[in-house]
Each structure stands twice: as C-alpha cells, then as structure tokens.
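Counting convention: from 1, in listed order, for ligands and their atoms alike.
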Amino acid sequence: MTNEKIIRDIYETLEDRKNNPIDSYTSNIMKDSKKLAEDKILEKIGEEAAEVIIASKNNEKLVHESADLIFHTLLLLAYKEISLDELLEEFKRRHEL
Ligand SMILES: N=c1c2ncn([C@@H]3O[C@H](COP(=O)(O)OP(=O)(O)OP(=O)(O)O)[C@@H](O)[C@H]3O)c2ncn1[C@@H]1O[C@H](COP(=O)(O)O)[C@@H](O)[C@H]1O
C-alpha cells in the first residue's frame with residue numbers, strides 16, 4: 001500500500017469497526033452507549049495531545065505520539081460519521097486560499 005492511500009484505508013477500517021463491530025480496540029471504544037463512547041475517545045485525544053507535548057519537549061518519540069494523536073482524531077471523526085472527504089475538503093479549501 002502506498003503512503004498516500006494508508007489514511008483512507010485506515011479510515012475505512014474504522015468505519016467498518018463501528019458498523020460491523022468485532023472484538024478489537026477500535027470497535028470496543030466505539031461500542032458503549034453513545035455518550036460514553038464519545039467521552040472515551042475525547043479522553044484519549046486529551047491524553048495523546050499531552051503525550052505529543054511531552055515528546056516534543058523531550059525530543060523523543062514525537063512521530064509515534066503524533067501518530068497516536070492523529071489516529072485518535074480520525075477515530076473521533078469516524079465515530080461521529082464525518083466522512084474523510086469532508087476533512088480533506090477542509091484542508092484543500094484552506095490550501096487553495
Ligand atoms: N493506528 C492504529 C492505532 N494507533 C494506536 N492504536 C491503539 O491505541 C491505543 C493507544 O493507547 P495508549 O497511548 O494508551 O497506548 P499504549 O500502548 O499504552 O502506549 P503507546 O506506546 O502507544 O504510547 C493502543 O491500544 C494502540 O494499540 C491503534 N489502534 C488501531 N490502529 C489502526 O486501526 C485499525 C483497526 O484497529 P483494531 O480495532 O485494533 O482492529 C488498525 O488496522 C490500525 O490501522
């Protein structure tokens with residue numbers, strides 16, 4: 001798989017994990033009652049953001065922690081049933097300004 005396609009492939013997996021739950025990390029975090037699932041994802045985003053800050057200040061594991069933060073943000077968007085194209089369109093609109 002090319003680097004360009006990986007985000008789309010992961011996003012499709014997240015949508016599938018929500019719509020066809022299995023026993024996995026992402027299905028389980030999205031499975032609880034709606035409010036609780038959202039709160040759990042938001043809590044992870046808060047943790048991962050703090051880990052990015054620490055990684056940057058310490059100059060270690062910044063790529064790893066950034067991937068965790070971006071991944072959990074994508075997980076939130078997939079959970080909220082926002083399409084990946086909507087996110088990409090937002091970036092495109094800003095880039096074309
Ligand atoms: N990219 C990821 C991904 N990144 C992080 N994580 C999980 O998110 C959690 C992060 O929590 P923590 O930071 O607390 O993890 P940790 O292991 O304590 O600490 P770190 O070393 O990660 O900082 C871990 O359980 C990771 O396994 C991910 N889980 C899944 N994916 C993708 O999501 C897809 C679906 O995943 P499953 O639901 O597991 O099939 C997979 O195919 C992957 O592509």
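The heavy atom nearest to atom 30 (C) of ligand 1, considering only Y11, F71, Y25, is found in F71. Here the shortest heavy-atom distance to atom 10 (C) of ligand 1, taken over E48, R17, E65, E51, belongs to E48. Closest heavy-atom approach to atom 12 (P) of ligand 1 among the candidates K44, H72, E47, K61: K44. Residue nearest to atom 35 (C) of ligand 1, selected from I10, L75, I7, T13: T13 (by heavy-atom distance).
Under a 3.5 Å cut-off, the side chain of S27 and the backbone N or O of R17 do form a donor-acceptor pair. Side-chain atoms of S66 come within 3.5 Å of backbone atoms of L62 as a donor-acceptor pair (strictly under, hydrogens ignored). With hydrogens and angles ignored, the 3.5 Å screen pairs a side-chain donor or acceptor of Y11 with a backbone N or O of A78. D9 places no side-chain N or O within donor-acceptor distance of the main-chain N or O of K5, the cut-off being under 3.5 Å. No side-chain donor-acceptor contact under 3.5 Å links H95 to the backbone of F91.
Taking a distance limit of 4.0 Å, we find that atom 23 (O) of ligand 1 is approached by some protein heavy atom. In this structure, atom 7 (C) of ligand 1 is in close contact with the protein, since a protein heavy atom lies within 4.0 Å of it. Under the 4.0 Å distance rule, the nearest protein heavy atom to atom 18 (O) of ligand 1 falls outside the cut-off. Contact annotation for atom 15 (O) of ligand 1: protein absent (non-hydrogen atoms, distance under 4.0 Å). Within the 4.0 angstrom cut-off, atom 43 (C) of ligand 1 has no protein heavy-atom neighbours.
Ion pairing between a basic and an acidic side chain is recognised when a charged N comes within 4.0 Å of a carboxylate O; K40 and E43 show no such pairing. K92 has no carboxylate O lying under 4.0 Å from a charged side-chain N of D85, or vice versa, which leaves the two without a salt bridge.
Summarising the geometry of L74 relative to L84, their closest heavy-atom pair is CD2-CD1, 4.4 Å, with the distance given to 0.1 Å.
Every atom of ligand 1 with a heavy atom of D68 under 4.0 Å away is listed here by number and element: 4 (N), 5 (C), 13 (O), 20 (P), 22 (O), 23 (O). Atom numbering of ligand 1 starts at 1 in the shown order; those under 4.0 Å from a heavy atom of T26 are 35 (C), 36 (O), 37 (P), 38 (O).
Here the protein heavy atom with the shortest distance to atom 21 (O) of ligand 1 is H64 NE2, 3.3 Å.
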